[in-house]
Amino acid sequence: MPSVDVYVSNLADRTVITVVGDLDFDACPQVSEATHKVSVRDRVVCLDLAGVAFMDASGLGLLQTVNRDAVSHGGHLELSGLQAQPQHVMDLTGTRAQFHIVAPRPPGPRDPAVLVPVRHATP
């Protein structure tokens, strides 16, 4: 069973999808399910990856798919909180320039304090 948690927070100016755990072959279906439930049409979607310490080629492929979907529907994908290993995968594959990588955003006064889990992984 994948050990990943995915949370979605709909804010006034963007949708934030927070991923906690490895973004690998086993976890990609769960993360993909969450990204497919979010409207990317004319919207900023931020993937908060601060909780992702490991990403493999499947995870990178998922990020590329989400990015293409967002752009094709007039939306915009941001990657936030990118850790060293996932960043290294992007550097090795020459794909980092495909993404808009932003610094983690501190919660604002209107941001919800509790994120709604899409699905909680069991150990």
Side-chain angles (χ1 to χ4, degrees):
M1 184 100 195
S3 60
V4 66
D5 293 315
V6 181
Y7 303 91
V8 175
S9 180
N10 288 305
L11 308 177
D13 65 335
R14 68 191 56 238
T15 298
V16 178
I17 301 172
T18 302
V19 181
V20 179
D22 293 343
L23 190 52
D24 59 11
F25 180 80
D26 291 333
C28 280
Q30 185 175 335
V31 177
S32 180
E33 179 183 334
T35 62
H36 280 95
K37 289 181 179 179
V38 172
S39 174
V40 295
R41 185 169 300 283
D42 301 321
R43 186 136 175 95
V44 173
V45 175
C46 178
L47 277 176
D48 179 356
L49 303 176
V52 176
F54 175 80
M55 179 177 75
D56 67 7
S58 299
L60 178 58
L62 173 67
L63 296 181
Q64 290 174 309
T65 299
V66 173
N67 192 41
R68 277 192 304 272
D69 289 349
V71 170
S72 70
H73 290 99
H76 179 76
L77 176 69
E78 295 178 344
L79 301 181
S80 173
L82 198 61
Q83 291 196 39
Q85 191 276 340
Q87 184 174 322
H88 186 65
V89 169
M90 290 179 176
D91 290 341
L92 284 174
T93 58
T95 57
R96 187 154 74 146
Q98 295 175 6
F99 300 100
H100 183 154
I101 299 171
V102 298
R105 199 175 105 148
R110 294 179 171 233
D111 291 356
V114 178
L115 301 173
V116 178
V118 172
R119 184 186 308 170
H120 184 73
T122 55

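By convention here, the first residue in the shown sequence is residue 1.
- Every residue meeting the salt bridge (Lys or Arg N to Asp or Glu O under 4.0 Å) condition with R96, not counting sequence neighbours, appears here in chain and number order: D91.
- Hydrophobic clustering places V31 together with V8 (ILVMFWY residues linked when any side-chain heavy atoms are closer than 4.5 Å, directly or through intermediates).
- The local environment of NE2 in H88 is sparse, with at most 12 non-hydrogen atoms from other residues, nucleotides or ligands closer than 6.0 Å.
- Side-chain contact check for N10 and T15: at least one donor-acceptor pair (N or O, by modelled atom type) lies under 3.5 Å.
- The 12-atom threshold is not exceeded at CZ of F25, counting heavy atoms of other residues, nucleotides or ligands nearer than 6.0 Å.
- Nearest heavy-atom pair across C28 and L23 is SG-CD1, 4.4 Å.
- For the residue pair S39 and V45, the shortest heavy atom distance occurs at O-CG2, 4.2 Å.
- Applying the side chain to side chain contact (heavy atoms under 4.5 Å, CB included) test between L49 and each of L63, I101, T18 identifies L63 as the sole match.
- Here the shortest heavy-atom pairing between D22 and A27 reads O-CB, 3.2 Å.
- Applying the salt bridge (charged side-chain N to carboxylate O under 4.0 Å, His left out) rule to pairs touching residues 41-51 yields nothing, sequence neighbours excluded.
- You'll find the side chain of Q64 reaches within 4.5 Å of the side chain of F99, heavy atoms only.
- Closest approach of D69 and H73 over heavy atoms only: O-ND1, 2.8 Å.
- Side-chain contact check for S80 versus V102: some heavy-atom pair is nearer than 4.5 Å.
- Expressed to the nearest 0.5 Å, how far CG of D56 lies from CG of L62 amounts to 10.5 Å.
- Using a 4.5 Å heavy-atom threshold, the side chains of V44 and D13 count as separate.
- Here the closest non-hydrogen pair linking D5 and Q30 is CA-NE2, 4.4 Å.
- Using modelled atom types, one side-chain atom of N67 and one backbone atom of Q98 make a donor-acceptor pair closer than 3.5 Å.
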message = Assess the residue pair V6 and I17 against the criterion (side-chain contact (heavy atoms from CB on, under 4.5 Å)); give the C-alpha distance rounded to whole Å, side-chain angles, the decisive distance to 0.1 Å, and a yes or no.
response = CA-CA 7 Å; V6 181; I17 301 172; 3.8 Å; yes
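- Here L92 contributes atom CG and M90 contributes atom CE; the two are 12.0 Å apart, rounded to the nearest 0.5 Å.
- Rounding to the nearest 0.5 angstrom, the gap separating the CG atom in L82 from the CG atom in L47 is 10.5 Å.
- In this structure, Q85 contributes its side chain and M55 its backbone to a donor-acceptor pair below 3.5 Å.
- Nearest approach of P104 to G81, heavy atoms of both residues: CG-CA, 3.8 Å.
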